[in-house]
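Values reported hereafter were calculated over all heavy atoms of this structure, with side chains retained and with hydrogens, waters and symmetry mates removed.
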Amino acid sequence: MAQTPQRGGGGNDRNRRDNRNAPVEGPESDIVEKLVHINRVAATVKGGRRFSFAALMVVGDGKGRVGFGHGKAREVPEAIRKATEEAKKTMIRVPLRENRTLHHDGNGRWGAGKIMMRAAPPGTGVIAGGPMRAVLETLGVQDVVGKSTGSSNPYNMIRATFEALKVQSSPRQVASKRGKKVADLMGRRNDGASAAEAAPEAQEA
């Protein structure tokens, strides 16, 4: 006599399929997403006006990785999803000093967009506005001073900010390129700072 299949097995298979599609815990779960700008575009067609949306997203893990992307779709959620996926694929790593600020000042330019960023002491906070602030916060910068001196177009500002971040280098990276030790570079910087401080004191004496 043939046995009828139990319903419990199908339920378990269904649960396994659901678990397979569930979000994976790991680095992806720590990513912060921020919507920077959304634009509505209307195209005039025979039946009337057809609307579409373009979204600009910035994503980062708050630990030195950040990326941006843009997506277009007929609906806002779909445009945001496309932009987020593109941003995650184009993430870059930026070295941070003490995990809170930049190693050195930097300037960036893209088209008519011009920005400047300066490292800041602890307690300064993120002094920047608009798209630049979204990038720095998702990157994990806690103390920085930024200013836009060019176009206020969010796309140009985002790209200019990334151009400035791409040229950031840590003492370890500079030492490896020059074939020296980090202590030698840091020693020279400290000696230069002490000499600069001693010069005004000598003039006053």
**Student:** For residues 138-161, which residue pairs pass the salt bridge (charged side-chain N to carboxylate O under 4.0 Å, His left out) check, not counting sequence neighbours?
**Tutor:** Arg100-Asp143
**Student:** side-chain contact (heavy atoms from CB on, under 4.5 Å) between Tyr155 and His70: does it pass, once the steps are laid out?
**Tutor:** CA-CA 9 Å; Tyr155 289 88; His70 65 277; 4.0 Å; yes
**Student:** Under the side-chain contact (heavy atoms from CB on, under 4.5 Å) rule, collect the residues that match up with Ala42, sequence neighbours excluded.
**Tutor:** Arg49, Phe51
**Student:** Does Leu136 share a hydrophobic cluster with Met57, counting links as ILVMFWY side-chain heavy atoms below 4.5 Å and allowing steps through other members?
**Tutor:** no
**Student:** Please give me the minimum heavy-atom distance between Gly106 and Ala164, naming the atom from each residue.
**Tutor:** C-CB, 4.4 Å
**Student:** Answer yes or no: is there a side-chain heavy-atom contact under 4.5 Å between Leu165 and Leu102?
**Tutor:** yes
**Student:** Tell me, please, which residues at least two apart from Lys166 pass salt bridge (Lys or Arg N to Asp or Glu O under 4.0 Å).
**Tutor:** Glu163
**Student:** Enter the distance from Gln142:CD to Thr124:OG1 here, rounded to the nearest 0.5 Å.
**Tutor:** 11.0 Å
**Student:** Does the pair Lys63 and Asn99 meet the rule for a side-chain contact (heavy atoms from CB on, under 4.5 Å), with working shown?
**Tutor:** CA-CA 7 Å; Lys63 301 176 183 178; Asn99 294 327; over 6 Å; no
**Student:** Got a sec, which hydrophobics cluster with Val167, joining ILVMFWY side chains under 4.5 Å apart, including via others?
**Tutor:** none
**Student:** Once you round to the nearest 0.5 Å, how far does CZ of Arg65 lie from CD1 of Ile92?
**Tutor:** 10.5 Å
**Student:** Counting only heavy atoms from other residues, nucleotides and ligands, does the tally under 6.0 Å from CD of Glu75 exceed 12?
**Tutor:** no
**Student:** Would you please name every residue forming a salt bridge (Lys or Arg N to Asp or Glu O under 4.0 Å) with Arg93, sequence neighbours left out?
**Tutor:** none
**Student:** Can you check whether Val59 reaches Val66 side chain to side chain, under 4.5 Å on heavy atoms?
**Tutor:** no
**Student:** Give the C-alpha distance, both sets of side-chain angles, the deciding distance and a yes or no for side-chain contact (heavy atoms from CB on, under 4.5 Å) between Val94 and Leu139.
**Tutor:** CA-CA 8 Å; Val94 181; Leu139 177 62; 3.9 Å; yes
**Student:** Are Val76 and Leu35 linked, directly or through other ILVMFWY residues, by side chains that come within less than 4.5 angstrom of each other?
**Tutor:** yes
**Student:** Output a table of donor-acceptor pairs, distance under 3.5 Å, between side-chain atoms of residues 109-118 and any protein atom two or more places apart or on a different chain; print 'none' if there are none.
**Tutor:**
none

**Student:** Under the 3.5 angstrom rule, does the side chain of Arg133 hit a backbone N or O of Val126 as a donor-acceptor pair?
**Tutor:** yes
**Student:** Might you point out which heavy atoms bring Ala79 and Ala73 nearest each other, and give the distance in Å?
**Tutor:** N-CB, 3.6 Å
**Student:** Closest heavy-atom contact between Met132 and Gly146?
**Tutor:** SD-CA, 3.8 Å
**Student:** Could you walk me through whether Ile158 and Val135 pass the side-chain contact (heavy atoms from CB on, under 4.5 Å) test, one step at a time?
**Tutor:** CA-CA 8 Å; Ile158 288 287; Val135 175; 3.4 Å; yes
**Student:** Return each pair, listed once, that meets salt bridge (charged side-chain N to carboxylate O under 4.0 Å, His left out) where at least one residue sits in residues 33-46; pairs must be two or more places apart or across chains.
**Tutor:** Glu33-Lys88, Lys34-Glu137
**Student:** Under the rule for salt bridge (Lys or Arg N to Asp or Glu O under 4.0 Å), what residues qualify as partners of Lys82, not counting sequence neighbours?
**Tutor:** none
**Student:** Shortest non-hydrogen contact from Gly69 to Ala83?
**Tutor:** O-CB, 3.5 Å
**Student:** Just so I know, are the side chains of Leu96 and Thr101 near enough to count as touching, which here means a heavy-atom distance under 4.5 Å?
**Tutor:** no
**Student:** Which residues pass the side-chain contact (heavy atoms from CB on, under 4.5 Å) test with Met157, sequence neighbours left out?
**Tutor:** Pro131, Ser148
**Student:** For Val41, check side-chain contact (heavy atoms from CB on, under 4.5 Å) against everything at least two apart and list the hits.
**Tutor:** Asn39, Ser52
**Student:** Not counting sequence neighbours, which residues clear ring pair (Phe, Tyr, Trp, His ring centres under 6.0 Å) with Phe162? List them please.
**Tutor:** Phe68
**Student:** Does Glu78 have any salt bridge (Lys or Arg N to Asp or Glu O under 4.0 Å) partners at least two apart in sequence or in another chain, and if so, which?
**Tutor:** Arg81
